[in-house]
Peer 1: 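This is the structure, below, for whatever I ask next.
Letters A, B, ... mirror the listed sequences (proteins, then strands); counts begin at 1.
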Amino acid sequence: MSETQSDEEVPLRDRIAANPRPALQWLAGAIVLLAVEFGAFIGVIIQLALTVVRLLPSNPGAAALASAGEAAESIPTLLTRGLIPNQGYQTASGEWMGTFLGLEPAYAWLLRVVLIYAYAFVWLGWFWVGYRWFRDHYRYADWTPRDDVVDRLRSHRWGQFGFVLVLAFFVLALFAPALGPTTVDANIQSPYTHYTKYYDDEIESVSNVTVGTANLGSTSQGAGGENVGPWSYDDYGRFHPFGTLTDGKDLFTFMAAGARISLMIGLVSLMIAGFIATALAMLTAYYKGLADLAAVITSDSIQSLPVLLVLILASAVFGNTWIANLYNGAVLLIAIFSVTYWPFFWRALRGPALQISEQEWIDAAKSFGQKPRVIMQKHMFPYVVGYLLIYASLTLGGIIIAVAGLSYLGLGITPPTPEWGRAISAGQPYVATASWHISLIPGIMITLIVVGFNALGDGIRDALDPQSEGGEETGGEAAVAGGGGA
Amino acid sequence: MSETIQRETEVSSGETLVDVENLKTYYEDGGLLSDEPVKAVDDVTLHIERGETLGLVGESGCGKTTLGRTLVQLESATAGTVEFDGTDVTKLSGSELKNWRRNAQIVFQDPESSLNDRMTVGEIIREPLDVHDWKSPRERRQRVRELLETVGLREEHYYRYPHQFSGGQRQRVGIARALALSPEFIVLDEPVSALDVSVQAKILNLLEELQNEFGLTYLFIAHDLSVVRHICDRVAVMYLGNIMEVGPAEELFADPANPYTHALLSAIPEADPQSDKERITLRGTPPSPRDPPTGCPFSTRCPAKIRPEKYRDTDDELWERIEVFREVLRERDRAERSLSERARALIGMDTRFSDVDEMHEELFGDVAVPPSIQEQLDAVEEHLRDNDEAGAIDLLREEFGSECDTETPAHHEVSAAGRTSLCHRHKDEHEEPAEFFTHTVFGEQ
């Protein structure tokens, strides 16, 4: 919206100055929302920067960033495990020590999860209010084509269902450290350098034990007592909302951290592939001829390769090189997905882009000497970006499946970094036993997320292009979803 | 040939703004297989005077839109020159071309497709000003508001989107965009043909008012002849990439010179239901612009085609059958033969091109064919049986063809006002098309 508004009679800034009340209220809302989680936001930003820095050859400033991250952790934050702890021990009298207000760990954890999700939805509401207020108070146009898109999306229940699922997934990924009953570092990465307290009945006092040892005592192996199922406590008084893995690690913590890496791989590779595809689609549709032919041949060559096999091959070939160690192998996956997925996007965008390039407003722009780059940006891209969004949301599910599939095969993300596919793979022998949860829960989650992204894609498509309602394009969709399926 | 005429008209009229000389615009879109380009504009010479409206009429696909687009450099010319105020704009490029583009704008046919729906009307009209960095942003906005008023819209439409407008209003927006840079010359590419009849008149009146107000020069492309008669000072009639006749509108409508103009004008419906005006109906469809006829472009369909001396008295019915026969052969020659058909022809098997007797029966079965003509036809059919289509076509042309088939006619000047017409019949030795039609088509009633 901002780009259409930027060159109006009175700049947006002046319009806000003329009527500052709604804008200030809105901003105040943002400040309050940001303040309660300030430490966490800074932490996320530092962690992102740290990830990028570690990809660079000499790790410039990595140490400084790491210490900054530690400093950020000390900033008081509302929704942290520190403020609402769920880890504690139960004394002989049945009283819980160390948990939030002495609540049972399950409820302390649940409270935190509910608060985090409530917080995320308050943010969503904040964005919505901002859009409404902008529309009511600051925008000149009383109607824009985008309003119709938003209105159609508001009445699209299936799309909203998808949106809620996707948002839940995003929140899971974004707030992974705070959502888990324990942390990845303590429970999964280095369990033998972290300790947990528990009340030892034999000696009738509180004992300290390494998390590793505790994990060994709370494995899920199907047979006999060797199982910690969903929504249960292990022998050390630790709560496991989704149960434990075969090696006693917490499945929920594993899933939340895995969501982060899956989402990261999916989003980054989609952005790269989408960028390549859009740029090419604009160029080939505008110049046609030889440029188009070259792109067709290149994309056909790439598309003729079976994606899954290429993924396996590339993972195996580059598996022992330095690339595979960057960000636990995620960078390699991102590179492979970017290279193999852009032709699908480009194919999907080429038709609409060619169609738009034949419109007379393109000729009109040429007739007064508009630059080709601006014509592509201003007169073609807005009509193609919708298709890009649809295909991206449909493909993201496919990439998540593919990453899980690779991990299932033992390729892809290096252990012990959490990845959903590895949980499914690990739990597979126990599907028919008491430890069914190890495979089933990640499986259901993947299904839900792919359904969510597809539903969201359907919603966006119907909102952008009302004529397509009724699903004539289901064939194309199936092809897209299938293209990503591993 | 036409140049001499051009000079004369220049002397006799006002200042020439656009001078088109031997302009050719070919489309090379056939890819790897077909080497013949589409000759959309094939050797057009005309001029447009400052302040006038030149109408450009013709059937769909005759190249009139391509000509208009070439004049504003949306298509690049294959050959020839377009001189605008003395500069050849086909040679311009880069910033020179961009600067020149201020002078020539185009209004498109379909207002649904010519406006970007994602931009507000204000942004659409402002874009040309932004591109050419016209004055300050504040002045640009002011100019857009003025333009909105000028074309009969309201200032508050600035922030509306094209979706919120009717076809006529959208066309007004398109006109305002074309006017934004104060051009001297505007190509109007069928600006009203996509509009409701009640709106057409309003837009036409607006265009006329704008012309008077700003001294604009129009090239008005249309296929609606009554609209052209209403709005244009001069009219050019186009057929198959060629200008067949060009001259003052009233004169051209009242007393057409070219056979094609005759045919076009006779197709205008009469408001009087009692009218029993004879129509000149044209045979078949225009030939492919990929493979235009040699000689006169209209020769394949011309109702006033010159006959060779010795066949002047041949029965009209039979003569038409012979012309159809020639056209059939031409068409079939052009139709691409598949590989298997070529192979069959090579080993002497029947091909789809060999049903000569059937064709003869169908064409000449019910007309009396004099022995002299029969003899010629037999010779032609002999060639056909030998799968020598080219030979058959050549033979037919030699025997039954005239200068219309072999020589491109000159642009003959046909009136004192400098009207020119592309037809052999304007030569002294032939009957003028008008006279010919009087005793043939119109004389039969």
Peer 1: Going from CD1 on A/Ile362 to CG on B/Leu74, what distance comes out if it is rounded to the nearest 0.5 angstrom?
Peer 2: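 Result: 12.0 Å between the selected atoms.
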Peer 1: Which residue pairs pass the ring-ring contact (aromatic ring centres under 6.0 Å, His included) test when at least one of the two sits in residues 104-142 of chain B, sequence neighbours left out?
Peer 2: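 Pairs touching residues 104-142 of chain B that pass the test: none.
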Peer 1: Applying side-chain contact (heavy atoms from CB on, under 4.5 Å) to B/Asp117 and A/Tyr383, what does each step give before you reach the verdict?
Peer 2: CA-CA 10 Å; B/Asp117 287 328; A/Tyr383 289 85; 3.5 Å; yes
Peer 1: Quick one, A/Phe368 with B/Val131, criterion side-chain contact (heavy atoms from CB on, under 4.5 Å). Give me CA distance, side-chain angles, the key distance, then yes/no.
Peer 2: CA-CA 8 Å; A/Phe368 50 68; B/Val131 168; 3.9 Å; yes
Peer 1: Hey, what do you get for OG1 (A/Thr144) to NE2 (B/His163), rounding to the nearest 0.5 Å?
Peer 2: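 Here the rounded value is 10.0 Å.
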Peer 1: Per the side-chain hydrogen bond (donor to acceptor under 3.5 Å, both in side chains) rule, what does the pair list look like for residues 98-111 of chain B, sequence neighbours excluded?
Peer 2: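 Residue pairs passing side-chain hydrogen bond (donor to acceptor under 3.5 Å, both in side chains), neighbours aside: B/Gln109-B/Ser193.
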Peer 1: Set out, in order, the CA-CA distance, both residues' side-chain angles and the distance that settles side-chain contact (heavy atoms from CB on, under 4.5 Å) for A/Asp363 and B/Arg69, then state yes or no.
Peer 2: CA-CA 9 Å; A/Asp363 282 334; B/Arg69 289 170 60 94; 2.8 Å; yes
Peer 1: Output the option from B/Ile106, B/Leu115, B/Ile124 having the highest count of non-hydrogen pairs under 4.5 Å with chain A.
Peer 2: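 Highest number of pairs under 4.5 Å: B/Leu115.
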Peer 1: Identify which of A/Lys366, A/Gln359, A/His379 forms the greatest number of heavy-atom pairs closer than 4.5 Å to chain B.
Peer 2: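 Most heavy-atom pairs within the cutoff with chain B belong to A/His379.
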Peer 1: Taking side chain to side chain contact (heavy atoms under 4.5 Å, CB included) as the test, write out the residues that go with B/Lys91, two or more places apart.
Peer 2: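 Testing B/Lys91 for side chain to side chain contact (heavy atoms under 4.5 Å, CB included), a comparison that skips the adjacent residues, returns B/Thr81, B/Asp88.
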Peer 1: Nearest 0.5 angstrom please: B/Glu112 CD to A/Trp361 CH2, how far?
Peer 2: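 So the gap between those two atoms works out to 10.5 Å.
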Peer 1: Got more than 12 heavy atoms from elsewhere within 6.0 Å of NZ, A/Lys371?
Peer 2: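 Check fails, neighbour count at 12 or below.
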Peer 1: Can you establish whether the number of heavy atoms outside B/Glu156 located under 6.0 Å from its atom CD is more than 12?
Peer 2: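 Counting neighbours around CD of B/Glu156, more than 12 heavy atoms of other residues, nucleotides or ligands fall under 6.0 Å, so yes.
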Peer 1: Identify the residues of residues 166-182 of chain B whose heavy atoms come closer than 4.5 Å to a heavy atom of chain A, ordered by number, or report 'none'.
Peer 2: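 Interface residues of residues 166-182 of chain B: B/Arg177, B/Leu181.
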Peer 1: Does any N or O in the side chain of B/Tyr159 come within less than 3.5 Å of the main-chain N or O of A/Trp143, such that one atom is a donor and the other an acceptor?
Peer 2: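 Answer holds: no.
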Peer 1: Within this structure, what is the OG-CD distance for the pair B/Ser114 and A/Glu360, rounded to the nearest 0.5 Å?
Peer 2: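 Separation between the atoms: 6.0 Å.
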Peer 1: Quick one: are B/Tyr161 and A/Pro145 in side-chain contact, heavy atoms under 4.5 Å?
Peer 2: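 Side chain of B/Tyr161 against side chain of A/Pro145, heavy atoms only: contact under 4.5 Å found.
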Peer 1: Are any of the side-chain heavy atoms of A/Asp142 and B/Arg160 separated by less than 4.5 Å?
Peer 2: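 A side-chain contact under 4.5 Å exists here.
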Peer 1: Given side-chain contact (heavy atoms from CB on, under 4.5 Å), test B/Met119 with A/Lys378 step by step and report yes or no.
Peer 2: CA-CA 9 Å; B/Met119 290 161 72; A/Lys378 203 166 165 184; 3.6 Å; yes
Peer 1: Quick check: are there more than 12 heavy atoms from other residues, nucleotides or ligands sitting under 6.0 Å from CZ of A/Phe163?
Peer 2: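 Counting neighbours around CZ of A/Phe163, 12 or fewer heavy atoms of other residues, nucleotides or ligands fall under 6.0 Å, so no.
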